[in-house]
Amino acid sequence: MILRRVIHHFSQQEWTAIAIDFLIVVFGVFMGIQVANWNQAQNDIALGTAYLKRIKVDVETDIANYHKRMAFWKQVIDYGTNALANAENQPHKKLTEWELLLAFFQASQIAEFYSTLATYNELTNAGELRLLGNVAIRNEVTNYYTNSVNPALTERPKYREHVRGLIPINLQTYIWQHCHGSAGAAVQTLIDCAPPPDLQGATKILDSLANNQALLADLRYWISTQTVAIKIGNDRIDEAENLKSLIETQLQATK
């Protein structure tokens, strides 16, 4: 329609009308671009909001998992400290032979921690961090996930392999069946269980453990590492809470 009008005006040399037609076309194109840009901006805001909500859920999951892991690491430290103190005849709670055997074994338990990375990986792989909004949140998200990996949170200690090579397999099987519980990968329970009915040779086994200086050195290292893991966990919870607060503020602002 507009093209026919322009051709007609040219044929009639109606220059004012031609100028008006030109302005109409330019204005139409401009408005079309503006509407497209507005729609894209609205889509970006909606997508960014969805990503922020998902990251918030991931961070909340991390916080809950940190608390579970730290409680477990504290149990491992307690078992290890008891085993070490009794082996070295330090002033400490006196354990029965079974309690001491159990302490040596449970001190070898691990509960690795990995941050929930699915949403962040999706964002970075798509190159869409810009969708998260302001620079402060983008930087905080990047810093949080960049620092999410620490060897102290995922280490499998030499002590674990060492002590399990010394404790008879029948006792290890009993411990797994009666002194350990789990509810999925995220939750483990260490239980102060009764001794097996046929516990024999405990004194000899304990002597081999208590007199093994390399084993005790490995245990000291593992207790120290778990202590560091708890410290890191507390720091990471603070970072996660700060990121969560920033996200909640941003989400409130976009309503």
Side-chain angles (χ1 to χ4, degrees), residues 50-85 93 99 102-124 132 136-157 159-160 163 175-193 219-252:
Y51 273 124
L52 283 174
K53 289 179 178 178
R54 288 173 56 189
I55 290 176
K56 179 174 176 286
V57 171
D58 290 348
V59 169
E60 289 170 340
T61 300
D62 278 358
I63 292 170
N65 286 339
Y66 269 120
H67 283 297
K68 292 174 186 174
R69 294 296 195 281
M70 288 163 60
F72 186 88
W73 297 334
K74 178 63 168 58
Q75 276 190 287
V76 171
I77 290 172
D78 289 344
Y79 275 117
T81 301
N82 287 337
L84 194 61
K93 174 186 175 183
E99 289 172 337
L102 183 62
F104 268 110
F105 184 84
Q106 299 288 45
S108 72
Q109 300 285 10
I110 62 171
E112 299 168 332
F113 181 90
Y114 296 94
S115 287
T116 309
L117 291 166
T119 304
Y120 179 72
N121 286 341
E122 183 179 325
L123 264 172
T124 53
L132 297 185
I137 284 188
R138 294 202 300 271
N139 289 342
E140 195 66 28
V141 167
T142 300
N143 289 336
Y144 177 77
Y145 285 105
T146 299
N147 297 320
S148 66
V149 179
N150 189 296
L153 306 183
T154 59
E155 185 169 352
R156 290 176 174 259
Y159 173 76
R160 177 183 175 88
V163 76
I175 291 171
W176 284 120
Q177 292 176 345
H178 300 279
C179 315
H180 181 274
S182 62
V187 181
Q188 298 183 69
T189 306
L190 303 181
I191 304 165
D192 290 332
C193 55
L219 179 53
R220 291 187 200 97
Y221 171 83
W222 183 228
I223 292 171
S224 177
T225 301
Q226 292 286 263
T227 303
V228 170
I230 290 175
K231 185 178 187 311
I232 293 170
N234 280 315
D235 292 341
R236 293 286 294 160
I237 287 173
D238 289 342
E239 293 172 14
E241 292 286 5
N242 181 56
L243 176 56
K244 177 184 172 184
S245 177
L246 285 175
I247 290 174
E248 288 172 342
T249 300
Q250 178 70 6
L251 289 175
Q252 190 67 31

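FYI, side chains are in, hydrogens and waters are out, and symmetry mates aren't considered; it's all heavy atoms of this structure.
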**Fill in**
With sequence neighbours left out, the residues meeting side chain to side chain donor-acceptor pair (under 3.5 Å) with Arg236 are Tyr66, Glu239
**Prompt:** For Glu241, what residues pass the side chain to side chain donor-acceptor pair (under 3.5 Å) criterion, not counting sequence neighbours?
**Reply:** none
Euclidean distance, [Y] [atom2] relative to [X] [atom1], rounded to 0.5 Å:
X      : Y      : atom1 : atom2 : result
Leu243 : Asp238 : CG    : CG    : 12.5 Å
Ile110 : Arg160 : CD1   : CZ    : 4.0 Å
Trp222 : Leu84  : CH2   : CG    : 15.0 Å
Leu52  : Thr249 : CG    : OG1   : 11.0 Å

**Leu251 side chain reached by Lys56 side chain, heavy atoms, under 4.5 Å** = yes
**Prompt:** Looking at side-chain heavy atoms only, is the closest gap between Leu123 and Val141 below 4.5 Å?
**Reply:** no
**Item:** Sequence-distant partners of Lys244, salt bridge (Lys or Arg N to Asp or Glu O under 4.0 Å), two or more places apart
**Value:** Glu60
Extract all donor-acceptor atom pairs below 3.5 Å that involve side chains of residues 223-234 and protein atoms in other chains or at least two apart in sequence.
residue : atom : partner : partner atom : Å
Thr225  : OG1  : Tyr221  : O            : 2.9
Thr227  : OG1  : Ile223  : O            : 2.8
Asn234  : ND2  : Ile230  : O            : 3.3

[X] versus [Y], closest heavy-atom pair with distance:
X      : Y      : value
Ile55  : Ile247 : CG2-CD1, 3.6 Å
Phe72  : Ala111 : CD2-CB, 3.4 Å
Val59  : Ala240 : CG1-O, 3.3 Å
Leu102 : Cys193 : CD2-N, 4.1 Å
Ala107 : Val76  : O-CG1, 3.4 Å

**Complete:** Across all chains, not counting sequence neighbours, the side chain to side chain contact (heavy atoms under 4.5 Å, CB included) partners of His180 are Gln109, Trp176, Ser182, Gln188, Leu190
**side chain to side chain contact (heavy atoms under 4.5 Å, CB included) against Arg54, all qualifying residues, sequence neighbours excluded** = Tyr51, Thr119, Glu122
**Request:** Any side chain to side chain donor-acceptor pair (under 3.5 Å) involving residues 142-154? Give me the pairs, sequence neighbours left out, ordered by first then second residue.
**Result:** Asp62-Tyr144
**Message:** According to ring-ring contact (aromatic ring centres under 6.0 Å, His included), who are the partners of His67, at least two apart in sequence or on a separate chain?
**Reply:** none
**Item:** Qualifying residues under ring-ring contact (aromatic ring centres under 6.0 Å, His included), relative to Tyr79, sequence neighbours excluded
**Value:** none
**Asked** Quick one: salt bridge (charged side-chain N to carboxylate O under 4.0 Å, His left out) pairs with a partner in residues 138-156, sequence neighbours left out?
**Response** Glu112-Arg156
